[in-house]
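Here the structure is laid out as structure tokens; the discussion comes afterwards.
If you read the sequence from its start, that first residue is 1, and numbering goes on from there.
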Amino acid sequence: QRAVGTGPAVVITAAVFSALHGPQYAWSWRHLVLITVAGVAFGLIRVLARSTLAASLTHASYNFCFLIAYLLHAKAQGC
């Protein structure tokens, strides 16, 4: 952040965050774009709130939404 500034640091970190999730999503560019955008949001929350906890809770909430969607979909499919 000191070397490149806050904005670029958030974007670079989000890109790394997305790359770490790459194998999980078989390197699907659509998923990686979504995860990069989410990573930017988590980074901005970290910067604006000055709290890693706030960013972590946002990430957990994001994941929880996907869990609920998965469970509802599984129920609708009769699994």
Side-chain angles (χ1 to χ4, degrees):
Q1 184 178 5
R2 290 182 196 127
V4 297
T6 301
V10 168
V11 172
I12 292 166
T13 303
V16 172
F17 176 74
S18 179
L20 290 172
H21 286 78
Q24 179 181 0
Y25 292 99
W27 298 100
S28 166
W29 70 269
R30 291 178 181 110
H31 288 95
L32 296 181
V33 168
L34 175 65
I35 293 169
T36 302
V37 171
V40 168
F42 303 150
L44 289 175
I45 289 167
R46 165 62 185 94
V47 169
L48 296 174
R50 296 182 180 173
S51 168
T52 302
L53 178 61
S56 298
L57 290 174
T58 304
H59 185 282
S61 299
Y62 176 85
N63 288 348
F64 185 69
C65 288
F66 280 102
L67 173 64
I68 296 301
Y70 172 79
L71 294 174
L72 290 173
H73 178 74
K75 184 176 181 180
Q77 297 298 316
C79 297

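- Residue T58 holds its OG1 atom at 11.0 Å from CG of N63, rounded to the nearest 0.5 Å.
- Scored by the ring-ring contact (aromatic ring centres under 6.0 Å, His included) test, F66 finds Y62 as partners (sequence neighbours excluded).
- Here V16 sits in one hydrophobic cluster together with L20; the rule is ILVMFWY side chains under 4.5 Å apart, joined directly or through other members.
- The list of side chain to side chain donor-acceptor pair (under 3.5 Å) pairs with a residue in residues 14-27, not counting sequence neighbours, reads S18-T36.
- Rounding to the nearest 0.5 Å gives a distance of 6.0 Å between CZ of F64 and CG of L67.
- Contact between A19 and P23 at its shortest, heavy atoms only, is O-CD, 3.7 Å.
- Shortest non-hydrogen contact noted between V47 and V10 is CG2-CG2, 4.0 Å.
- Sorted by first then second residue, the side chain to side chain donor-acceptor pair (under 3.5 Å) pairs that include residues 1-13, not counting sequence neighbours, are Q1-T6.
- Of all heavy-atom pairs between A14 and G39, the closest is CB-C, 3.6 Å.
- Scanning for side-chain hydrogen bond (donor to acceptor under 3.5 Å, both in side chains) contacts around S56 gives an empty result, with sequence neighbours left out.
- Among residues at least two apart or in separate chains, side chain to side chain donor-acceptor pair (under 3.5 Å) pairs with a member in residues 41-53 are R46-T52.
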